[in-house]
Number of protein chains: 2
Amino acid sequence: MLDALGDPTRRVILETLRTGGPCSVGVLAERVPVSRPAISQHLKVLGAVGLVRHESRGTRNIYRVHQSGLDELRNWLDRFWGDALDAYADHVRRTEEERK
Amino acid sequence: MLDALGDPTRRVILETLRTGGPCSVGVLAERVPVSRPAISQHLKVLGAVGLVRHESRGTRNIYRVHQSGLDELRNWLDRFWGDALDAYADHVRRTEEERK
DNA sequence: TTGGTTCGTTAGTGGCAACTTACCGTTCGT
DNA sequence: ACGAACGGTAAGTTGCCACTAACGAACCAA
């Protein structure tokens, strides 16, 4: 998931899909300075983690951003930050006891 | 920012800091199966994007997770999803007109 | 001051993944 | 049914980044 967002090209692809709306692979290859097969590979990765969905329209596949991946990221964020605060509180309490 | 979270080792370091609370570089090197210099380099990257803060305690530096990076990520998420919906609405309207 | 930690930095290497070129399957128009 | 367009896949290369090893700096204790 975060691995998928780690690549700059994939983020550009997502940005393009976000600002330009859903579009085909060929159009994406025109807008992003990268060959068409590279686009395909990245879309495969993005699709595997639920960040994009594709829909076959004749010979061309229309890709669009999908929500599930973003939701998962948000949940991870919430849980992460909550646990970090708890762990910090524990740490403070522990060092407090050591000082005695 | 997302580049920083893209590396698995860095996520492990963050997880370690989160669950175990703040700790020094040497302790991190013990808990994460990676050499100490590698830890230093990763902490440098994580610090550059505001995900961790360090505080010099004598010869040793205590690192802890910091909020600003997470906040920035959350803001990005919110704006991303909102814009994606708008762009999708535009796209629907545009294809609707082309159908005429 | 001297020895022992603790940490940051540099140089160098190995491995992985992103990219391109070439090829093949699929689908639509004629 | 045939040609063309669109897209996914395979193989191969290149570039980048994570990692280790060695060195150097700062700090504390004696």
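In the text below, chain A, chain B and the rest are named by the order of the sequence lines, each starting its count at 1.
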Tell me whether the side-chain N/O atoms of [X] come closer than 4.0 Å to OP1 or OP2 in [N].
| X | N | result |
| --- | --- | --- |
| B:R60 | D:dC28 | no |
| A:K44 | D:dG7 | no |
| A:R10 | C:dA18 | yes |
| A:S24 | D:dG7 | yes |
| A:T9 | C:dC19 | yes |
| A:S35 | C:dT20 | yes |
| A:S40 | D:dG8 | yes |
| A:N61 | D:dG8 | yes |
| A:Y63 | D:dC6 | no |
| A:H42 | C:dC19 | yes |

Please report the distance, rounded to the nearest Å, between [atom1] in [X] and [atom2] in [N].
| X | N | atom1 | atom2 | value |
| --- | --- | --- | --- | --- |
| B:I13 | D:dA18 | CD1 | P | 10 Å |
| B:L28 | C:dT6 | CG | P | 14 Å |
| B:D3 | C:dA18 | CG | P | 12 Å |
| A:R57 | C:dG29 | CZ | P | 14 Å |
| A:L5 | C:dA18 | CG | P | 13 Å |
| A:L43 | D:dC6 | CG | C1' | 14 Å |
| A:L46 | D:dG8 | CG | C1' | 16 Å |
| A:D7 | C:dA17 | CG | P | 11 Å |

Worksheet, complete the sentence: Nearest-nucleotide check on DNA chain D, A:Q41 vs A:H54; residue mapping nearer the 5' end is A:H54
Discussion item. If the threshold is 4.0 Å, N to carboxylate O, is there a salt bridge linking B:R53 and B:E55?
Written reply: no
Worksheet entry | Basic-acidic side-chain contact under 4.0 Å: A:D3, A:R10 | no
Worksheet item: Given B:E72 and B:R74, is the salt bridge (Lys or Arg N to Asp or Glu O under 4.0 Å) satisfied, shown in steps?
Response: CA-CA 5 Å; B:E72 184 182 342; B:R74 179 184 296 277; over 6 Å; no
Discussion item. Given 3.5 Å as the limit, does a donor-acceptor pair link the side chain of A:S24 with the main chain of A:R60, or not?
Written reply: no
Worksheet entry | Test side-chain contact (heavy atoms from CB on, under 4.5 Å) applied to A:E15 and A:R31, step by step | CA-CA 11 Å; A:E15 285 285 328; A:R31 300 183 181 178; over 6 Å; no
Nearest-neighbour nucleotide for the [X] side chain, [options] considered:
| X | options | answer |
| --- | --- | --- |
| A:R36 | D:dG7, C:dT9, D:dC27 | D:dG7 |
| B:A38 | D:dC28, D:dG7, D:dC19 | D:dC19 |
| B:P37 | C:dC19, C:dC7, D:dA22 | D:dA22 |

Item to complete: Indicate yes or no: at least one non-hydrogen side-chain atom of B:I13 is less than 4.5 angstrom from one of B:H42.
Response: yes
